[in-house]
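Every heavy atom of this structure was used, including side-chain atoms; hydrogens, water molecules and symmetry mates were not. Labels below follow one simple rule: chain letters A, B, ... track the order of the sequence lines, proteins then strands, and each chain is numbered from 1.
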Amino acid sequence: MYGGGYIFSEPSDKDQKDHIDDPVKLQEFEARIDAGEKIEPHDWMPFEYRKQLIRLIEQHAHSEVIGALPEGTWITRAPGFKRKLVLIAKVQDEMGHAQLLYSAAETLGKSREAMINDLLSGKSKYSNVFNYPAKTWADVTVIGFLIDAAAIVNQVANAKGSYGPYCRALERICYEESFHLKQGHDAFIALAVGTKAQKDMLQDALNRWWRPIIHFFGPSDKASVHGEKLMRWKVKMASNDDMRNQFLDMYVPKILELGITIPDPNLKKNESTGRWEFSDPDWNEFKRVINGDGPCNAERLAVRKFAEESNRWVRNALLKQTMKQTIPYA
Amino acid sequence: MPNIESLDPRIRRIDLEKNPEHVVLNIMENWETYEVFHQRKRGEHHVHVGIVHAANPEMALVFAKEQYGRRLKCANMWVTQSSNIYSFHYDDEDMFETTPEKTYREAGGFKVRDKINKFKKENAPK
Ligand SMILES: [Fe+2]
Ligand SMILES: [Fe+2]
C-alpha cells in the first residue's frame, strides 16, 4: 500500500550513461503496451521512457503558458465585447492546460518548480510558433484557428498514447480545444468575408504565419532510431510528417474556400502518394528561432521571469515550514 | 538583456530591464498538491478529476472551481491533500484477477429457466 509522498526523481543524463533496464521488467512493460494497457505513475517503467515523457509533457505545458502570451496581448484590444469574453476564456483555458500538463509531468517525479526553472533558464523549450509576434487582430484569428487546429492534431494523437495521466489530461484539453478551434474559425471567417481592409489584414497575417505553421510539427523524423523507440512505447503516436500531412489535408481546403491564398506556390497534394508537397520551409530558421534567436524569445521569457519574480512575495507569504513535497496522483 | 519592443502596452509599461538575470523558484514555492473530486449533480458520486497546487484547503477549493468547474454542470467538489491518499500498488493488481470469475456473486450466475421448463414439461397433464 502506498500513501502520498512517494518520490521518484527526475532522471538526469549522468544517470543515463550506464543505466540498463531490467530485461524481464522491460519485457513485461512492453507486453502491457502491446496489449493496449495504460502505464500508471507507480508502475515500473524504462529509464528512457520516464525521461522522454517528462521532456515531452513539460514542453507541452510550457507551450500552453507561452502560447497564451501573444493572444493575451490582444485581450485589451479585442474588437467588441463578445470577442473579448471569448479571448479571455481561451487564455484561461490555455493556463488550465498548462496546469493539467504540469501535473501529469509531476507524477513522473519532476516538481513544477523545477519545470518552471528550466523554462526560465532556457534549458527546456516550448513550441517555436510562439516566438513570433501577434501584430494585428488577424494574427489572433490565425493563431486561434490554425495553430490551435495544428495543436489538436498533435493532441488527439497523443491522447491515445501509453501514459495514463497524460492521456487523461489530454482528454480534457481536447474537449476544450474544440471550442478554441471553433471560435478561431468563426473569427477567421468574419475577417475573410468582411471589408477589403479586413480581408487584406487576414491575408497579411496568414502570409507571415504560414512558415511557422509548417514548422509547427517539426522537421521530418521518419529516419530517427530514437523516434522508433518512442513510437514503440507509444510516447509518440505519429511521425511529424504524418501529422503535418493530416493537418494540411484538413485545413488547406478550409482556407482556400474563403478566397484566402496560401503563400507557397509549390504547395499541392500529390494525389498518387496522398502526401502534400511544399517549398523548403527553411529548417535553419526553425533551429535558429528555437535556440533563442526569434523575434520574441527574449520578451516571452522576460515576461515570465517578471511574473514569477514580482508575485513571489505572495507565494512566500503563504508558505509554511510544514509543507512537504508529494507526487500527485493525477 | 536584449532590447524588448513589445506590442503589448501593458508589457511596455513594466520595466523588464529590472528582472534579475536568473530567476529561480525554490522547491515548495508552488505549495502542496490537492486531489480534486468533482460531483456533476446531486445523487452522483464525486469523481477524481485531477489536482491543483494550493497553500491551504480553502485556496485548493477556489482553484478547483476555476480549473475543473468552469464548464458544464457541477454540484459540489471535494479536495484533499495528495499525501492523504492511500492506494494499492499496481504490482498487486493480480489480487483482483479472479474477481470477475466469481459468478456465484452475480445474478447472472444462476440459470433457473431450463430447470423450470424441464420440470413443467415432465409434470404436464398427459
Ligand atoms: Fe491548449
Ligand atoms: Fe487552445
Side-chain angles (χ1 to χ4, degrees), chain A residues 1-5 40 42-44 69-70 72-74 76-77 89 92-93 96 99-100 102-104 106 111-114 116-117 120-121 133-135 165 168-169 172 175-176 179 296-299 302-306 308-310 312 315-316 318-320 323-330, chain B residues 1-12 14-36 38 48-56 58-59 63-64 66-72 80-93:
Chain A
M1 188 170 78
Y2 274 99
E40 293 291 345
H42 289 178
D43 279 330
W44 182 92
L69 296 176
T73 301
W74 281 89
T76 54
R77 292 167 288 177
Q92 187 190 24
D93 281 353
Q99 293 193 36
L100 292 171
Y102 282 132
S103 310
E106 282 173 80
S111 71
R112 194 163 82 178
E113 293 89 344
I116 294 171
N117 286 340
L120 298 182
S121 75
K135 286 188 174 157
R168 292 193 283 271
R172 182 174 287 261
Y175 169 73
E176 297 183 351
F179 144 67
C296 296
N297 300 55
E299 176 183 336
V303 168
R304 281 317 309 156
K305 281 183 187 171
F306 176 85
E308 293 293 349
E309 195 62 26
S310 56
R312 174 173 273 162
R315 293 196 302 273
N316 284 345
L318 290 159
L319 202 61
K320 284 197 251 2
M323 287 180 179
K324 283 197 308 287
Q325 198 201 350
T326 51
I327 297 283
Y329 277 78
Chain B
M1 181 96 189
N3 251 347
I4 292 169
E5 285 278 347
S6 180
L7 293 170
D8 191 334
R10 295 165 307 165
I11 290 171
R12 281 203 298 269
I14 54 178
D15 194 358
L16 292 175
E17 308 285 321
K18 278 211 194 105
N19 271 346
E21 174 134 351
H22 300 291
V23 175
V24 179
L25 273 66
N26 299 312
I27 207 83
M28 300 312 297
E29 229 183 282
N30 282 190
W31 313 302
E32 294 177 308
T33 61
Y34 285 76
E35 306 288 324
V36 180
H38 171 268
H48 183 257
V49 282
I51 65 147
V52 290
H53 281 249
N56 52 57
E58 293 76 18
M59 186 193 259
F63 286 168
E66 283 303 309
Q67 177 73 319
Y68 301 102
R70 66 175 184 266
R71 276 197 182 80
L72 304 177
T80 185
Q81 270 185 32
S82 298
S83 56
N84 289 335
I85 304 279
Y86 291 82
S87 74
F88 290 117
H89 197 292
Y90 280 102
D91 281 351
D92 297 327
E93 203 178 343

Contact origin within [X] toward chain B - heavy atom pairs under 4.5 Å:
| X | answer |
| --- | --- |
| A:Ile116 | side chain |
| A:Ser121 | neither |
| A:Leu100 | both |
| A:Lys135 | both |
| A:Ser310 | neither |
| A:Arg77 | side chain |
| A:Ala134 | backbone |

Nearest atoms (heavy-atom pairs only) where A:Glu113 meets B:Trp31: OE2-N, 4.2 Å

If you compare all heavy atoms of A:Tyr329 against all heavy atoms of B:Ser82, which two are closest, and at what distance to 0.1 Å? CE1-O, 3.9 Å

State, yes or no, whether a side-chain contact exists between [X] and [Y] at a heavy-atom distance under 4.5 Å.
| X | Y | result |
| --- | --- | --- |
| A:Glu309 | B:Pro20 | yes |
| B:Leu25 | A:Arg312 | yes |
| B:Ile51 | A:Tyr102 | no |
| B:His53 | A:Glu106 | yes |
| A:His42 | B:Asp91 | no |

Take A:Val303 and B:Arg10 through the side-chain contact (heavy atoms from CB on, under 4.5 Å) test and state the conclusion after the steps. CA-CA 11 Å; A:Val303 168; B:Arg10 295 165 307 165; over 6 Å; no

Could you check A:Asp93 against B:Arg70 for side-chain contact (heavy atoms from CB on, under 4.5 Å), going step by step and ending with a plain yes or no? CA-CA 9 Å; A:Asp93 281 353; B:Arg70 66 175 184 266; 2.9 Å; yes

Measure the CD-NZ distance between B:Glu21 and A:Lys305 for me, rounded to the nearest 0.5 Å. 7.0 Å

Find the distance between NZ (A:Lys320) and CG (B:Asn56) and round it off to the nearest 0.5 Å. 5.5 Å

Start with the C-alpha gap between A:Leu319 and B:Asn26, add the side-chain angles, then the distance that decides, and say whether side-chain contact (heavy atoms from CB on, under 4.5 Å) holds. CA-CA 11 Å; A:Leu319 202 61; B:Asn26 299 312; over 6 Å; no

When you measure from the side chain of [X] to the backbone of [Y], do you find a donor-acceptor pair of N or O atoms at a distance under 3.5 Å?
| X | Y | value |
| --- | --- | --- |
| B:Glu29 | A:Asn316 | no |
| A:Gln99 | B:Val52 | no |
| B:Glu32 | A:Lys324 | yes |

CA sep, side-chain torsions, deciding dist, call: B:Ile27, A:Gln325, side-chain contact (heavy atoms from CB on, under 4.5 Å): CA-CA 8 Å; B:Ile27 207 83; A:Gln325 198 201 350; 4.3 Å; yes

For chain A, find which of [options] contributes the most heavy-atom pairs closer than 4.5 angstrom.
| options | value |
| --- | --- |
| B:His48, B:Arg71, B:His22, B:Gln81 | B:Arg71 |
| B:Leu7, B:Asn30, B:Asp15, B:Ile11 | B:Asn30 |
| B:Gly50, B:Pro9, B:Ala55 | B:Ala55 |
| B:Tyr34, B:Phe63, B:Tyr68 | B:Tyr68 |

Quick one: of A:Arg304, A:Gln92, A:Arg168, who has the most non-hydrogen atom pairs under 4.5 Å with chain B? A:Gln92

Looking at chain B, which one of A:Ala89, A:Pro70, A:Gly72 has the largest number of heavy-atom pairs inside 4.5 Å, strictly under? A:Gly72

